[in-house]
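This report concerns only the one structure given below.
The shown structure was predicted, so the numbers you read here are calculated from the model rather than taken from an experiment. Position 1 is the first residue of the sequence, and the numbers go up from there.
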Amino acid sequence: MKFATKAIHAGQEPDPTTGAVMTPIYQTSTYWQKSPGEHQGFEYSRGTNPTRQALENCLAALENAKYGMAFSSGMGATDTVLRLLQPGDEVITGNDLYGGSYRIFTKVYAKYGIKFHFLDLSKPENMLPYINDKTKLVWIETPTNPTMQIIDIEGVAKITKEKGLILTVDNTFASPYLQNPIDLGADIVMHSVTKYIGGHSDVVMGALLLNDDQLYKDLWFIYNACGATPGPQDAFLVLRGIKTLHLRMKAHCENGEKVARFLKTHPKIDKIYWPGFEDHPNHDIAKKQMRGFGGMVSITLKGADLAETFRVASSFKVFTLAESLGGVESLINHPTTMTHGSIPKEEREKVGVTDNLLRLSVGVEDIDDLLADLAQALS
């Protein structure tokens with residue numbers, strides 16, 4: 001099936017009891033057993049639930065994966081991958097990434113003896129000097145949050161497969177509609193489902209998608225044992241959101257491009273980060289591994305101090321100043337005080353995450369209203 005058909009139908013069948021076309025919300029914690037151990041595939045909802053299972057199968061289909069796992073948050077999914085590691089292991093990751101990922105790497109897992117290398121991965125070979133017999137995991141985002149760096153997934157995967165490392169790709173910014181890392185060699189795909197997949201800013205959820213049987217067994221054991229599982233109501237909301245993912249992503253891409261091109265020539269803008277520009281570093285890689293450039297755009301304000309940046313961020317009428325991204329509504333975010341506040345100032349400034357940087361999640365409103373809002377806020 002093509003993507004749009006999978007988004008609407010994958011993992012879902014009419015309910016066998018009533019014929020309901022939409023997957024029911026199985027609001028139950030436990031399940032009847034004919035005799036001890038003899039059940040219909042469901043025992044306890046921390047491990048499995050029919051509504052969640054339908055969602056997991058749909059997510060797996062969208063990422064061309066064999067297995068899907070839904071979590072109560074993106075950080076729950078991230079935590080489960082990190083629990084595969086042992087004290088003394090080492091991880092290679094990018095130098096521009098979501099603040100929550102940086103926080104769990106440095107504040108939670110580093111104290112257990114796990115070492116993290118934060119590298120410029122614009123060229124896959126940059127990781128080679130840091131790989132040793134203790135290296136177990138490579139964790140990348142592409143596009144990165146918030147400076148929209150592009151990492152060559154296929155190039156990184158070639159190295160990780162040669163070295164026997166697990167490659168996990170955070171595909172949140174692209175969504176399965178624009179990019180499928182497993183097809184490019186990744187072992188695990190992670191999503192903050194809260195964002196584009198859910199698409200309506202009404203649910204918090206994460207997901208892991210993968211093919212390897214043993215890796216899935218290891219992750220599922222942690223998943224069930226530690227319990228970062230979502231409820232059926234959230235699974236239902238995401239299933240509903242997915243049905244319009246292809247339509248929404250087309251609109252996000254169209255509006256994102258128009259916003260980026262409007263801002264590129266605006267006199268108040270110093271730098272603009274959007275991978276669709278031909279002068280964007282690794283633009284050719286983005287063209288190769290993505291089917292569009294998405295709706296995320298980051299900008300720096302020319303000559304603006306923190307007070308002026310706050311003034312601009314607070315002046316929008318259509319864009320909403322808020323955390324998160326990927327919803328149908330347009331959001332604006334100030335990373336250094338919001339999503340990336342946990343990263344030390346000197347570290348984030350090395351990659352351009354400065355006090356005058358704003359991150360835009362371009363929604364699906366009328367483009368004329370969005371451009372007018374940008375114009376009035378910047379003036």
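Met338 and Met296 fall into different hydrophobic clusters, defined by Ile, Leu, Val, Met, Phe, Trp and Tyr side-chain heavy atoms under 4.5 Å apart, directly or through other members. When hydrophobic clusters are built by joining Ile, Leu, Val, Met, Phe, Trp and Tyr residues whose side-chain heavy atoms come closer than 4.5 Å, directly or via intermediates, Tyr26 is not grouped with Phe236. Under the 4.5 Å side-chain contact rule for hydrophobic residues, Leu97 and Met148 do not share a cluster. Cluster membership for Leu215 and Ile153, using ILVMFWY side-chain heavy atoms within less than 4.5 angstrom, is not shared. Both Leu321 and Val318 belong to a common hydrophobic cluster when Ile, Leu, Val, Met, Phe, Trp and Tyr are linked at side-chain heavy-atom distances under 4.5 angstrom.
Under the 3.5 Å distance criterion, with hydrogens and angles disregarded, a donor-acceptor pair is assigned to the side chains of Glu329 and Ser201. Looking only at atom types and distance, the side chain of Thr309 has no donor-acceptor partner in the side chain of Asn356 under 3.5 Å away. Between the side chains of Tyr31 and Ser45, at least one donor N or O sits under 3.5 Å from an acceptor N or O. A donor-acceptor pair shorter than 3.5 Å cannot be found between the side chains of Gln53 and Asn57.
Lys136 NZ: more than 12 foreign heavy atoms inside a 6.0 Å radius. Counting heavy atoms of neighbouring residues, nucleotides and ligands inside a 6.0 Å radius, atom CD of Glu346 exceeds 12 of them. Environment of CD in Glu278: sparse, with no more than 12 heavy atoms of neighbouring residues, nucleotides or ligands closer than 6.0 Å. Counted within 6.0 Å of CZ on Arg46, heavy atoms from surrounding residues, nucleotides or ligands total more than 12; the atom is thus considered enclosed. The environment of Lys123 atom NZ is sparse: at most 12 non-hydrogen atoms of other residues, nucleotides or ligands sit within 6.0 angstrom.
In this structure, the side chains of Thr172 and Tyr98 stay at 4.5 Å or more apart for every pair of heavy atoms. In this structure the side chain of Ser330 reaches within 4.5 angstrom of the side chain of Glu365, judged on heavy atoms. You'll find the side chain of Leu237 stays beyond 4.5 Å of the side chain of His200, heavy atoms only. In this structure the side chain of Pro50 reaches within 4.5 angstrom of the side chain of Phe42, judged on heavy atoms. Within the 4.5 Å cutoff, side-chain heavy atoms of Pro143 are placed close to those of Met290. Side-chain contact check for His191 versus Tyr196: every heavy-atom pair is 4.5 Å or farther apart. The shortest side-chain heavy-atom distance between Leu62 and Leu209 does not fall under the 4.5 Å cut-off. Side-chain contact between Glu347 and Tyr102 is present, with heavy atoms from C-beta onward closer than 4.5 Å.
With Arg348 contributing its side chain and Gly99 its backbone, the two residues share no donor-acceptor pair below 3.5 Å. Using modelled atom types, no side-chain atom of Thr51 and backbone atom of Pro232 make a donor-acceptor pair closer than 3.5 Å. Proximity of a side-chain donor or acceptor of Ser361 to a complementary backbone N or O of Gly326 within less than 3.5 Å is detected. Side-chain atoms of Asp234 never come within 3.5 Å of backbone atoms of Gly231 as a donor-acceptor pair (strictly under, hydrogens ignored). For Glu38 (side chain) and Pro36 (main-chain N/O), no donor-acceptor pair under 3.5 Å exists by modelled atom type. Formation of a donor-acceptor pair under 3.5 Å by the Asn95 side chain with backbone atoms of Val351 is not found in this model. No donor-acceptor pair closer than 3.5 Å links the side chain of Asn180 to the backbone N or O of Ile182. A donor-acceptor pair under 3.5 Å is formed between the side chain of Asn126 and the backbone N or O of Asp120.
Legend: ring pair (Phe, Tyr, Trp, His ring centres under 6.0 Å) pairs involving residues 281-317, not counting sequence neighbours, sorted by first then second residue: Trp274-Phe293, His283-Phe293, Phe310-His334, Phe316-Phe319. Annotation: ring pair (Phe, Tyr, Trp, His ring centres under 6.0 Å) contacts involving residues 156-180, sequence neighbours excluded, comprise Phe3-Tyr177.
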For residues 155-167, dump all side-chain donor-acceptor pairs below 3.5 Å to protein atoms at least two apart in sequence or in another chain.
{"from": "Thr160", "atom 1": "OG1", "to": "Val156", "atom 2": "O", "distance (Å)": "3.4"}
{"from": "Thr160", "atom 1": "OG1", "to": "Ala157", "atom 2": "O", "distance (Å)": "3.0"}
{"from": "Lys161", "atom 1": "NZ", "to": "Gly185", "atom 2": "O", "distance (Å)": "3.2"}

Please table the atom pairs, donor to acceptor, closer than 3.5 Å between any side-chain atom in residues 108-117 and protein atoms at least two apart or in another chain.
{"from": "Tyr109", "atom 1": "OH", "to": "Asp79", "atom 2": "O", "distance (Å)": "3.4"}
{"from": "Tyr109", "atom 1": "OH", "to": "Asp79", "atom 2": "OD1", "distance (Å)": "2.5"}
{"from": "His117", "atom 1": "NE2", "to": "Glu90", "atom 2": "OE1", "distance (Å)": "2.9"}

Show me, pair by pair, the donor-acceptor contacts under 3.5 angstrom made by side chains of residues 221-229, not counting sequence neighbours?
{"from": "Tyr223", "atom 1": "OH", "to": "Arg52", "atom 2": "NE", "distance (Å)": "3.0"}
{"from": "Tyr223", "atom 1": "OH", "to": "Glu56", "atom 2": "OE2", "distance (Å)": "3.2"}
{"from": "Tyr223", "atom 1": "OH", "to": "Ala70", "atom 2": "O", "distance (Å)": "2.6"}

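Look at Glu257 and Arg261 and you find a salt bridge, because one of the NZ, NE, NH1 or NH2 atoms lies within 4.0 Å of a carboxylate O, short of that distance.
Remark: Lys302 NZ to Glu308 CD distance equals 13.5 Å, nearest 0.5 Å. In this structure, the separation between CE on Met127 and CG on Leu119 is 8.0 Å, given to the nearest 0.5 Å. Separation of atoms CD1 (Ile197) and CE (Met249) is listed at 9.5 Å; rounding is to 0.5 Å.
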Worked verdict on Lys317 versus Asp369 for salt bridge (Lys or Arg N to Asp or Glu O under 4.0 Å) | CA-CA 10 Å; Lys317 307 299 182 185; Asp369 293 329; over 6 Å; no
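By the ring pair (Phe, Tyr, Trp, His ring centres under 6.0 Å) test, Tyr67 is found to be paired with Tyr216, residues two or more places apart in sequence or in another chain being considered.
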